[in-house]
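Just so you know, residue 1 is the first one in the sequence shown, and it goes up from there. All values below were derived from every heavy atom in this structure, side-chain atoms included, with hydrogens, water molecules and symmetry-related copies excluded. Atoms within each ligand, like the ligands themselves, are counted from 1 in listed order.
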Amino acid sequence: MIKLKKRKILLLPGDGIGPEVISEVKKIIEWFNKNKSLDFEIDEDLVGGSSYEKNGTPITDEVFYKAIESEAVILGAVGGPKWDNLEFSKKPERALLKLRKELKLFANLRPAICFKQLVNASTLKPELVSGLDILFVRELTGGIYFGEPRGIIPIDNGERKGINTHIYTSSEIQRVARVAFDLARKRNNKVTSCEKSNVMESGQLWKEEVNSLHEKEYKDVELNHMLADNCAMQLVRNPKQFDVIVTDNLFGDMLSDEAAMLTGSLGLLPSASLGTKDKNGNMRSLYEPVHGSAPDIAGKGISNPIASILSFSMALRYSLNLDKEADFLDKAVQKVLDDGLRTKDILSKGMKEVSTSEMGNAIISKLQ
Ligand code: IPM
Ligand code: MG
């Protein structure tokens, strides 16, 4: 059974722009502590390349156990060209994958919402994306990311063979499909399940298991199946046909990046990775912005903290049972965008450019 200490939040800023954006989240948490009499206990530590530099590993056991004991982990980003040539087990990304796998965070929620203030920032025509609100539910602890056997092995005549295994069990498929169906009921009641059942046995199983769960428990939810390649095409052809999309780890990685771009603003998109609820309703969770570490702009104070701030809002909603506070924070972000404040990534004509910390401060001023 998971026993969690109350309201402990672990911040793992990580690499690149991670530390700058997470430091704005910290300001927001401190604001909530001071003004809304919440008692979040904040701890902060190293992860990814920055942990490797200091400790020779992308995540130490100590940090890993801190994550286990926290009610929510908020991560900035990991990775950068500096660590590209490290041996596989030392790469910054391994820290993230270890956290996902060991904390059993099997459901990755990635909303792709086109903010009305930013309709023109999308590369797609405004009428295609205005009002867009898709929720990806990506399976996060299975599939080809973790399947065995894996590795690079020598074979005959000096050649080598790279192996990964795409593998899913019935229960892994059903538990993530359940999350998708439950969330759809709170939205537009429609789930699209994506796989490659035309070429992969694991895709065929995926489709069958989603179907059988639907038959048994979720007949009130509209369910469609779509081949993942077709989904990639439909996302740019007519993205508003989707409500909730449930898919495996690898397809979810790719399709959610594609969908993020529809919104015109990678800098605004948060994500939540959730585990199973225990008897007491406690659940492990990790929140992170969808954007990566963006090493090219790190340290310049121009990165957009909104995706991280909205990730904290998801933490308020999904882990900390503070829906009202989450609404409050989401509204503050909307107001700042209404005022025309923009970080460089979402800047357009007539808008006012602000730095990372000015954006954080502006959001706090709307909370007042
Ligand atoms: C993501 C990222 C990660 C993934 C990397 C950084 C390991 O691309 O969260 O989408 O592939 O899952
Ligand atoms: Mg990705």
Side-chain angles (χ1 to χ4, degrees), residues 12-19 21-22 46-52 57-59 64 67 73-112 134-147 150 162 164-168 172 176 194 228 231-232 235 245-263 265-275 285-296 298 303 307-308 310-311 314-315:
L12 298 176
D15 309 322
I17 60 172
V21 292
I22 294 299
L46 297 174
V47 76
S50 57
S51 169
Y52 173 77
T57 168
I59 181 164
F64 178 70
V73 179
I74 311 213
L75 188 138
V78 291
K82 192 170 170 195
W83 305 290
D84 273 355
N85 297 322
L86 285 180
E87 133 200 2
F88 210 70
S89 68
K90 305 254 190 267
K91 284 186 190 290
E93 290 78 7
R94 295 322 295 173
L96 185 54
L97 294 168
K98 175 171 176 174
L99 284 168
R100 288 174 179 173
K101 185 73 177 172
E102 309 275 328
L103 300 185
K104 303 190 174 65
L105 309 174
F106 67 91
N108 182 216
L109 277 41
R110 299 191 164 185
I134 301 176
L135 179 63
F136 274 88
V137 179
R138 167 189 176 193
E139 200 294 324
L140 203 60
T141 52
I144 203 156
Y145 271 57
F146 297 100
R150 64 184 299 159
N164 291 91
T165 306
H166 188 73
I167 182 165
Y168 273 108
E172 281 176 319
V176 72
C194 296
C231 180
L235 276 170
I245 297 179
V246 62
T247 189
D248 75 23
N249 206 343
L250 182 62
F251 296 141
D253 180 43
M254 298 190 282
L255 294 172
S256 66
D257 256 31
E258 185 190 2
M261 201 52 227
L262 301 179
T263 70
S265 47
L266 215 49
L268 300 191
L269 299 178
S271 79
S273 303
L274 310 177
S285 58
L286 183 145
Y287 298 84
E288 53 180 321
V290 168
H291 64 68
S293 59
D296 50 320
S303 59
S308 295
L310 292 178
S311 297
M314 287 186 95

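Residue-level proximity to ligand 1 for K91 is absent, since no heavy atom of it falls below 4.0 angstrom. Contacts between R100 and ligand 1, counted as non-hydrogen atom pairs separated by less than 4.0 Å, involve the side chain only.
Looking only at heavy atoms of the protein, atom 8 (O) of ligand 1 is closest to D253 OD1, 3.3 Å. When only non-hydrogen protein atoms are considered, atom 1 (C) of ligand 1 lies nearest to R110 NH2, 3.3 Å. In terms of protein heavy-atom proximity, atom 5 (C) of ligand 1 is closest to E93 CG, 4.3 Å.
By the 3.5 Å distance cut-off applied to N or O atoms, Y145 is counted among the residues near ligand 1.
Residue L96 holds its CG atom at 8.0 Å from CG of L140, rounded to the nearest 0.5 Å.
Exactly one residue among L286, L46, V78, L75 makes a side chain to side chain contact (heavy atoms under 4.5 Å, CB included) with L12. That residue is L75.
Checked by atom type and distance alone, the side chain of R110 never pairs as donor or acceptor with a backbone atom of L269 at under 3.5 Å. A donor-acceptor pair under 3.5 Å links the side-chain atoms of S265 to the main chain of T263, judged by distance alone.
The side-chain hydrogen bond (donor to acceptor under 3.5 Å, both in side chains) test applied to S271 returns no partner, not counting sequence neighbours. The side-chain hydrogen bond (donor to acceptor under 3.5 Å, both in side chains) check on S285 picks up S319, with sequence neighbours excluded.
The list of salt bridge (Lys or Arg N to Asp or Glu O under 4.0 Å) pairs with a residue in residues 87-107, not counting sequence neighbours, reads R100-E288.
Listed by chain and number, D253 OD1 are the protein N/O/S atoms closer than 2.8 Å to the Mg ion (ligand 2), with waters left out.
In this structure, the side chains of I144 and Y168 stay at 4.5 Å or more apart for every pair of heavy atoms.
Looking at E139 and T141, their side chains do bring a donor and an acceptor atom within 3.5 Å of each other.
Within the 4.0 Å heavy-atom cutoff, M254 does not count among the residues contacting ligand 1.
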